[in-house]
Asker: 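Quick one: structure below, then a few questions.
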Amino acid sequence: MTHTIVFANQKGGVGKTTSVVNVGAALAHRGARVLLVDIDPQGNSTSHLGLEKARLPASLYDVLVHDLPISEVVHPTGRPNLNIVPALPALAGAEVELINVIARETLLRRALQSVHNQYDYILIDPPPSLGLLTVNALTAARYVVVPVQAEYLALEGLSQLLHTISLVRDNLNPTLEILGVLLTLFDARTRLASDVAQELVEHFGRRVFRTIIPRNVRLGEAPSFGETIFEYAPNSAGARAYTALADELEARLQTTRA
């Protein structure tokens with residue numbers, strides 16, 4: 001069974017891309033076949049894994065706008081079991097170019113159907129917004145993971161995201177559900193971080209992942225080297241956290257499947 005998961009939050013800087021890349025790497029390392037789909041025009045997942053954007057002949061933009069088969073833009077990352085569909089800045093114009101396309105909200109879901117059975121996990125990294133690209137990601141996914149930074153401003157936009165998820169579920173993807181809320185950039189030295197964690201648990205209960213991603217210098221440095229945390233600093237707190245998150249994610253999916 002292929003698990004398609006989108007990591008979504010319209011607020012930037014919450015560790016969304018870091019989580020997509022490193023969870024994907026952790027799952028691939030244990031033998032799962034993983035496809036990352038970068039649907040963010042900033043292409044941060046693409047850069048994080050060391051792909052040179054200037055050398056890419058095609059990207060997800062060509063899939064969504066020019067109907068190129070997605071199999072033609074799947075790139076190996078140089079890591080066993082881990083491939084990526086890259087994003088380039090041209091994707092920023094897709095929302096305007098697709099304005100008159102029928103069923104434009106389902107373009108990604110339809111594109112992924114041809115490669116769906118080739119992977120155990122498809123992890124989608126959407127932009128920090130609630131526009132057409134994020135709606136495509138939510139429509140293509142079965143589950144949502146919501147990364148939330150441990151600060152109060154990060155909580156303010158959650159209601160809007162939850163409303164969007166509800167709208168997508170009601171109109172485009174009735175099986176969509178929140179797999180979990182992930183607390184990121186957690187600084188255990190501050191009272192604020194603990195207060196935010198408590199508020200999340202009060203609101204979301206068991207949907208909050210037990211694993212907490214710490215504020216970790218190594219996690220911030222790894223993308224500039226085009227490496228995952230497991231290559232850059234395998235013994236760091238960040239690496240241990242994403243290993244634990246991959247364990248917890250797999251366990252939740254088994255429970256959900258049961």
Side-chain angles (χ1 to χ4, degrees), residues 2-21 23-24 35-48 59-65 70 73 84-113 116 121-149 153-182 184-185 204 207 249:
T2 302
H3 300 295
T4 306
I5 306 169
V6 56
F7 287 65
N9 193 324
Q10 79 272 22
K11 186 180 186 303
V14 299
K16 175 175 56 65
T17 294
T18 299
S19 297
V20 170
V21 168
V23 167
L35 177 66
L36 302 186
V37 179
D38 193 349
I39 193 172
D40 183 349
Q42 297 178 80
N44 289 334
S45 284
T46 303
S47 299
H48 196 321
S59 69
L60 186 61
Y61 168 83
D62 300 283
V63 175
L64 299 181
V65 177
I70 201 166
V73 297
I84 187 170
V85 175
L88 297 178
L91 190 57
E95 297 203 16
V96 175
E97 295 181 64
L98 296 171
I99 193 68
N100 293 318
V101 174
I102 296 174
R104 59 186 179 273
E105 298 88 357
T106 63
L107 288 170
L108 181 61
R109 180 169 68 191
R110 286 180 277 153
L112 286 172
Q113 287 174 352
H116 199 265
Y121 293 92
I122 297 175
L123 307 182
I124 307 174
D125 184 13
S129 69
L130 295 177
L132 178 61
L133 295 176
T134 297
V135 170
N136 258 269
L138 292 169
T139 303
R142 175 66 176 84
Y143 301 103
V144 185
V145 171
V146 183
V148 179
Q149 187 177 353
L153 288 178
L155 295 174
E156 289 189 349
L158 275 183
S159 60
Q160 187 179 1
L161 174 63
L162 295 175
H163 179 63
T164 299
I165 291 172
S166 179
L167 288 175
V168 170
R169 185 188 298 118
D170 291 343
N171 296 283
L172 296 164
N173 185 4
T175 64
L176 184 66
E177 65 178 281
I178 296 176
L179 184 63
V181 177
L182 175 64
T184 63
L185 298 167
F204 292 101
R207 286 195 289 183
L249 187 145

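For the single chain, residues carry numbers from 1 onward in sequence order.
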Asker: Could you grab the distance from atom NZ of K16 to atom CD of Q10, nearest 0.5 Å is fine?
Answerer: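 Spacing of NZ (K16) from CD (Q10) equals 11.0 Å.
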Asker: Keeping the roles fixed (side chain from D38, backbone from T46), state whether a donor-acceptor pair exists under 3.5 Å.
Answerer: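 Such a contact is found between D38 side chain and T46 backbone.
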Asker: Quick check: closest heavy atoms across A8 and L161, and the distance to 0.1 Å?
Answerer: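 Minimum heavy-atom contact is O-CD2, 3.5 Å.
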Asker: Scan for side-chain hydrogen bond (donor to acceptor under 3.5 Å, both in side chains) pairs involving residues 162-174, sequence neighbours excluded, and state none if there are none.
Answerer: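 Applying side-chain hydrogen bond (donor to acceptor under 3.5 Å, both in side chains) to every pair that reaches into residues 162-174, excluding sequence neighbours, yields N173-T175.
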Asker: As an exercise, state the distance from CD1 of I122 to NE2 of H3, rounded to the nearest 0.5 Å.
Answerer: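 Taking CD1 in I122 and NE2 in H3, the distance rounds to 11.0 Å.
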Asker: Which donor-acceptor pairs under 3.5 Å do side chains of residues 126-141 form with protein atoms, sequence neighbours excluded?
Answerer:
from, atom 1, to, atom 2, distance (Å)
T134, OG1, P127, O, 3.3
T134, OG1, S129, O, 2.8
N136, OD1, L107, N, 3.1
N136, OD1, L108, N, 2.9
N136, ND2, R104, O, 2.9
N136, ND2, L132, O, 3.2
T139, OG1, V135, O, 2.7

Asker: Which one of T18, V181, V14 satisfies the side-chain contact (heavy atoms from CB on, under 4.5 Å) criterion with P147?
Answerer: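 That would be V14; it is the only one of T18, V181, V14 passing the side-chain contact (heavy atoms from CB on, under 4.5 Å) with P147.
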Asker: Search all heavy atoms of A111 against all heavy atoms of I70 and return the closest pair with its distance.
Answerer: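 Answer, listing the atom of A111 first, then I70: O-CG2, 3.2 Å.
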Asker: Evaluate the side-chain contact (heavy atoms from CB on, under 4.5 Å) criterion for residues E105 and V168: first the C-alpha distance (whole Å), next the side-chain angles of each, then the deciding distance (0.1 Å), finally the verdict.
Answerer: CA-CA 10 Å; E105 298 88 357; V168 170; over 6 Å; no
Asker: Can you sort out the partners of L185 under side chain to side chain contact (heavy atoms under 4.5 Å, CB included), two or more places apart, ordered by chain and number?
Answerer: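 Partners of L185 under the side chain to side chain contact (heavy atoms under 4.5 Å, CB included) test: Q149, R215.
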Asker: Would you give the length of the straight line joining atom CG of D125 to atom CG of D40, rounded to the nearest 0.5 angstrom?
Answerer: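 Spacing of CG (D125) from CG (D40) equals 6.0 Å.
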Asker: Mind checking whether L182 and S19 have side chains closer than 4.5 Å, heavy atoms only?
Answerer: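 They are in side-chain contact.
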Asker: Looking only at heavy atoms, which two atoms of F204 and L158 are closest? And how far apart?
Answerer: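 Of all heavy-atom pairs spanning F204 and L158, the closest is CE1-CD1, 3.8 Å.
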Asker: Where is the tightest heavy-atom contact between F7 and L123, given as atom of each residue plus distance?
Answerer: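 Shortest heavy-atom contact: CE1-CD2, 4.3 Å.
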Asker: Please find the pair of heavy atoms, one from I5 and one from Y121, that lie closest to each other, and give the distance.
Answerer: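 In this case the closest contact between I5 and Y121 is CD1-CD2, 4.3 Å.
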Asker: What closest approach, in Å, do E97 and V65 show between heavy atoms, and which atom pair accounts for it?
Answerer: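 Closest approach of E97 to V65: OE1-CG1, 3.5 Å.
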